[in-house]
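Let me begin by presenting the structure, written as structure tokens, before commenting on it.
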Amino acid sequence: MLKVLQHPLITHKLTQMRKKETGTKDFRQNLDEIAGLMAYEISRDFPLQPVEIETPVAKTTTYELAKEIVLVPILRAGLGMVNGICDLIPTVKIAHVGLYRDEETLEPHTYFEKYPKEVKDAIVMIVDPMLATGGSAIAAIDMVKKQGAKNIRLVCLVGAPEGVRAVEEAHPEVDIYLAALDEKLNEKGYIVPGLGDAGDRIFGTK
């Protein structure tokens with residue numbers, strides 16, 4: 001199921017990221033903040049379990065997260081979303097999935113993967129700023145499923161309808177969270193209007 005998180009702060013910060021004159025520092029900072037805001041919205045249905053604690057005043061029964069949370073950034077642009085989510089959920093475990101897109105075929109190729117042992121029973125959040133063709137997202141979901149993960153969520157800033165459809169067809173049980181659903185892909189596979197190459201803008205490589 002597709003969920004577009006329409007929050008004024010998310011929209012405002014995404015607008016700053018879209019501007020071509022926005023530099024690496026501001027681009028990265030807004031991405032951190034949006035990732036945290038998105039995680040706050042996405043975590044509303046995370047399960048809780050009762051726990052007995054002692055406050056300075058008395059013993060009481062309250063609640064804490066019942067499942068481990070595992071972040072799976074798709075390298076390299078997905079790394080730009082990790083800090084903002086870690087600030088909100090400091091106990092997250094972090095996996096890494098390395099994929100690159102063939103510039104001719106637009107098909108994803110795997111070059112690295114590493115997972116914490118908790119991934120099988122955890123809530124898994126695959127993160128990548130852009131959902132363009134959907135190829136990398138589908139490949140990452142396939143890889144995580146092979147590790148036994150069942151509760152998987154795909155979290156991206158900007159998505160194209162073509163990519164959303166591709167993921168929904170390949171993995172209909174995976175919820176997709178976006179900050180914005182854009183118009184389309186262009187002939188080069190870039191999202192329109194999009195925000196350019198997220199990896200290059202995060203790391204200042206162009």
Side-chain angles (χ1 to χ4, degrees), residues 1-2 28 31-32 34-36 38-39 42-43 46 65 67-160 162-179 185 189-191 197-206:
M1 181 185 297
L2 172 64
R28 192 183 296 147
L31 179 56
D32 276 351
I34 291 174
M38 292 184 73
I42 293 164
S43 62
F46 282 7
L65 290 173
K67 287 183 173 290
E68 293 280 359
I69 314 299
V70 173
L71 281 186
V72 185
I74 299 177
L75 303 180
R76 68 182 166 143
L79 290 173
M81 299 179 69
V82 169
N83 287 344
I85 297 174
C86 283
D87 286 345
L88 189 70
I89 315 172
T91 55
V92 296
K93 304 295 192 301
I94 303 172
H96 291 85
V97 169
L99 295 167
Y100 68 91
R101 189 168 70 161
D102 187 294
E103 294 299 326
E104 297 297 325
T105 66
L106 303 183
E107 291 298 314
H109 298 276
T110 305
Y111 65 88
F112 183 79
E113 53 183 317
K114 183 77 172 179
Y115 305 93
K117 63 180 182 294
E118 295 90 349
V119 69
K120 182 177 180 181
D121 298 314
I123 296 172
V124 176
M125 297 168 63
I126 298 173
V127 296
D128 194 357
M130 313 300 284
L131 177 57
T133 65
S136 294
I138 291 167
I141 295 168
D142 286 336
M143 293 159 71
V144 170
K145 281 185 174 181
K146 286 179 182 176
Q147 301 300 313
K150 298 177 181 64
N151 190 337
I152 304 169
R153 304 168 189 219
L154 176 64
V155 185
C156 305
L157 258 68
V158 178
E162 296 92 331
V164 170
R165 284 195 298 270
V167 174
E168 287 177 335
E169 289 173 6
H171 299 287
E173 80 289 355
V174 172
D175 286 337
I176 303 169
Y177 295 87
L178 299 177
L185 294 179
Y190 279 85
I191 300 172
D197 188 305
D200 285 334
R201 297 193 71 187
I202 292 165
F203 299 109
T205 46
K206 275 191 182 177

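The model shown is predicted, which means the values in this text are computed figures rather than measured ones.
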Is the shortest side-chain heavy-atom distance between [X] and [Y] below 4.5 Å?
| X | Y | value |
| --- | --- | --- |
| Met81 | Leu31 | yes |
| Tyr115 | Val70 | no |
| Thr91 | Ile69 | no |
| Met130 | Cys156 | no |
| Ser43 | Leu65 | no |
| Leu157 | Met38 | yes |
| Leu99 | Met143 | yes |
| Thr205 | Arg76 | yes |

Pair Asp32-Asp87, side chain to side chain contact (heavy atoms under 4.5 Å, CB included): steps then yes or no:
CA-CA 9 Å; Asp32 276 351; Asp87 286 345; 5.7 Å; no
Of all heavy-atom pairs between [X] and [Y], which one has the smallest distance, and what is that distance?
| X | Y | answer |
| --- | --- | --- |
| Leu185 | Ala160 | CD2-CB, 3.6 Å |
| Val119 | Ala149 | O-CB, 3.7 Å |
| Pro116 | Ala95 | CD-CB, 3.7 Å |
| Ala35 | Ile85 | O-CG1, 3.6 Å |
| Gly80 | Ile202 | CA-CD1, 4.1 Å |
| Leu88 | Gly36 | CD2-O, 3.5 Å |

Sequence neighbours excluded, the answer for salt bridge (charged side-chain N to carboxylate O under 4.0 Å, His left out) partners of Arg153 is Asp45
Residues in salt bridge (charged side-chain N to carboxylate O under 4.0 Å, His left out) contact with Glu173, at least two apart in sequence or another chain:
Lys145
For Leu178, which of Val164, Leu154, Val158, Val155 qualifies under side-chain contact (heavy atoms from CB on, under 4.5 Å)?
Val164
Nearest 0.5 Å, please: how far is [atom2] in [Y] from [atom1] in [X]?
| X | Y | atom1 | atom2 | value |
| --- | --- | --- | --- | --- |
| Glu162 | Leu131 | CD | CG | 10.0 Å |
| Ile126 | Ile138 | CD1 | CD1 | 11.0 Å |
| Lys150 | Ile123 | NZ | CD1 | 14.0 Å |

Going by the salt bridge (Lys or Arg N to Asp or Glu O under 4.0 Å) test, which pairs reach into residues 116-134, not counting sequence neighbours?
none
